[in-house]
Each structure stands twice: as C-alpha cells, then as structure tokens.
Amino acid sequence: LGTCNRGRNDQGDEMKPELVAFDVAGTTLNDDGVVIHAFKVAFEATQPELWPTKGHEWTQYALDTMGQSKIHVFTELLGDAEKAHQANVAFEQAYVMHIAEVGISPIPGSNETFAFLKSAGIKIALTTGFSRSTLDFLIDHVGWRDVIDITVTPEEAGRGRPHPDMLNFAATQLGIGDTREIIVIGDTASDIQAGLAFGANRVIGVLSGAHTRAVLEFAGATSVINSVADLPSLI
C-alpha cells in the first residue's frame, strides 16, 4: 500500500478531505474489458475498410488513453469530427448493450468506501469519459443515484481528462474552493494527470483497472493502492 506525504496541514497532520472524486470504469465499476470491446465494435461498424489494417494500432491507442473523453479519442484517431461522432455513438450503443445483457458490478469495496465517506461527512463525485446518457445508465444500473453527490461528464465541464475541467466543475458546483481538500482517485494515467493539473495534493492510483503501478507512478500518483477498498485507510 503506497503512502503519500502531501495533503497535510501546516502541523503535518493529514487533512480530512471535503470531497473524493472517483473515476468510473476500472475504478468504482468493474470493466472486464467491456470498454475495449465497445471500441472494437464501434470501429468495425463505422470504419470497416480501415479496421483490418488499423485495428491493432487503434486498440493500443484506446488502451493507452483509457480515462480520456471517448469522443476526443475517436477524434484524435479519425481526424474528422463527423466520423468521430458516428464512432462514438456506435461505441456508446455497444457498451450499453453489453451491460444490459451481462450486467455490471461495483469494484469490491466501492459501496463500503462510499458508506465510509458518507458517514464521515465527505462528499463523493464521479467523473468519467462517458457521455451523460451512458453514465446515467450505469449509475441507475448499480443503484448509486442517491449515493453520489455529483457526477460530471466532459461535455458538461468543457474538456475531458487529462484536463482538470471536470474536477473544477465538481468543486465549483459543490462550493469547495481549496483543491487541497479534494482527493482524486482513478485507474489511468489520465486520471492522475487531471488530478495533478487540478492541484489536488492527494492523487491516488488504483490497480483495479487499465494501467499498471509503474504507469500510475510515472504519471505522478501520490499513492497507488490495490483498489478503492483501501481508500479509507488513507483518510
């Protein structure tokens, strides 16, 4: 279990955060390869001529950029806004269809960590690279509508990760002015980069999703833990 020596007051004591901002897929919800599956379905459906030769390259890019806005990833790969929009629609449809068929479950410990934060008076935010409709579908599917204080998507905040816009949006909406009083936690380098750009003192990586400890530490994570189940031990 990693530890951090930031996020302390002037006396060197750990500060209780006002807010913990979580990523979704791979951090609080099991991914099990569904995101990459949906990427492949989207590319095969919208780019059938290029997929056979570009498939490996595109899949690797999707893995490397996990955590970023999906529409941004498609735009970077396809270089055309309309093609990116079509691919993103196909991606969202494939993702939701798969979840509707097989279900999705919280990462073990997510519900308990949320309950711990609630009991401590700490607010909870979810930030994501998904669209609003997909995020709402996921939240309703696992029954978190009344658990989460705020949820944010790239389209609402302005830009997705690695930019800090979603974190800025959540903090503003909840009236939190000190970025040091917010913990950011996620499973990808983009999550870490967004948290650091936002100015959070504690930016925590989890090993339950896309990226390895080495990738998360290289991105600048102040701590790396196995999963969100370990978060209460850091607060």
Side-chain angles (χ1 to χ4, degrees), residues 1-28 64-70 72-73 113-114 116-118 120-130 135 148-225 227-228 230-235:
L1 185 68
T3 59
C4 61
N5 53 19
R6 291 189 278 175
R8 300 174 185 271
N9 61 21
D10 292 338
Q11 287 74 45
D13 300 320
E14 288 285 0
M15 295 184 296
K16 185 180 83 170
E18 287 193 44
L19 170 70
V20 179
F22 296 87
D23 170 52
V24 181
T27 300
T28 53
D64 293 341
T65 57
M66 287 286 276
Q68 294 186 17
S69 164
K70 303 301 180 285
H72 174 74
V73 173
T113 294
F114 290 162
F116 167 83
L117 295 174
K118 286 290 188 183
I122 300 169
K123 292 181 172 62
I124 301 167
L126 293 183
T127 65
T128 184
F130 293 130
L135 179 58
I148 308 302
D149 294 286
I150 188 170
T151 61
V152 189
T153 68
E155 60 199 285
E156 294 153 355
R159 297 175 298 180
R161 306 182 193 105
H163 304 288
D165 298 31
M166 291 192 289
L167 298 169
N168 284 322
F169 184 90
T172 299
Q173 291 297 308
L174 295 173
I176 302 172
D178 190 347
T179 61
R180 296 174 301 173
E181 296 182 354
I182 299 174
I183 290 176
V184 176
I185 182 166
D187 67 299
T188 70
S190 293
D191 293 309
I192 305 304
Q193 292 162 352
L196 294 174
F198 172 65
N201 280 325
R202 287 188 277 180
V203 183
I204 301 170
V206 290
L207 300 176
S208 53
H211 290 166
T212 64
R213 175 183 293 274
V215 171
L216 295 170
E217 289 180 342
F218 184 78
T222 59
S223 304
V224 177
I225 57 180
S227 75
V228 293
D230 297 323
L231 179 62
S233 67
L234 294 184
I235 299 177

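Just so we're clear, the structure is a prediction, and the values are computed from it rather than from any experiment. Numbers for residues simply follow the sequence, beginning at 1.
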Separation of [Y] [atom2] from [X] [atom1] (nearest 0.5 Å):
X    : Y    : atom1 : atom2 : value
Q68  : T128 : CD    : OG1   : 12.5 Å
I150 : F169 : CD1   : CZ    : 5.5 Å
K123 : L117 : NZ    : CG    : 12.0 Å
T222 : R202 : OG1   : CZ    : 8.0 Å
F218 : T212 : CZ    : OG1   : 11.5 Å
S190 : H211 : OG    : NE2   : 7.0 Å

Min side-chain heavy-atom separation [X]-[Y] under 4.5 Å:
X    : Y    : value
R161 : D23  : yes
F114 : I148 : yes
L207 : V224 : yes

>> Please determine whether side chain to side chain contact (heavy atoms under 4.5 Å, CB included) holds for the pair I182 and I176, giving the CA-CA distance in whole Å, both sets of side-chain angles, and the decisive distance to 0.1 Å.
In response: CA-CA 8 Å; I182 299 174; I176 302 172; 3.9 Å; yes
Grab the two heavy atoms, one from [X] and one from [Y], that are nearest each other, plus how far apart they are.
X    : Y    : result
I124 : D149 : N-OD2, 2.7 Å
P154 : F130 : CD-O, 3.6 Å
L234 : I225 : CD1-CG2, 4.0 Å
V152 : M166 : O-SD, 3.6 Å
L167 : A194 : CD1-O, 3.6 Å
S208 : S227 : CB-CB, 4.3 Å

> Heavy-atom count around F116 CZ within 6.0 Å, excluding the residue itself: above 12?
Replying inline: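 Counting neighbours around CZ of F116, more than 12 heavy atoms of other residues, nucleotides or ligands fall under 6.0 Å, so yes.
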>> Test of understanding: with salt bridge (charged side-chain N to carboxylate O under 4.0 Å, His left out), list the residues that count as partners of E155, not counting sequence neighbours.
In response: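 So E155 forms no salt bridge (charged side-chain N to carboxylate O under 4.0 Å, His left out) with any residue.
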> Listed by chain and number, what are the salt bridge (charged side-chain N to carboxylate O under 4.0 Å, His left out) partners of D187, not counting sequence neighbours?
Replying inline: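 D187 satisfies salt bridge (charged side-chain N to carboxylate O under 4.0 Å, His left out) with no residue once adjacent residues are dropped.
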>> Applying the side-chain contact (heavy atoms from CB on, under 4.5 Å) criterion to T113, which one of D230, L231, V20, T28 satisfies it?
In response: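 Looking at D230, L231, V20, T28, the match for T113 under the side-chain contact (heavy atoms from CB on, under 4.5 Å) is L231.
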>> Treating T179 as the side-chain partner and G199 as the backbone partner, does any N or O pair qualify as donor plus acceptor under 3.5 Å?
In response: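 Yes.
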>> Run the side chain to side chain donor-acceptor pair (under 3.5 Å) test against D165 and tell me which residues pass, sequence neighbours left out.
In response: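 In terms of side chain to side chain donor-acceptor pair (under 3.5 Å), with neighbours along the sequence ignored, D165 is linked to R159.
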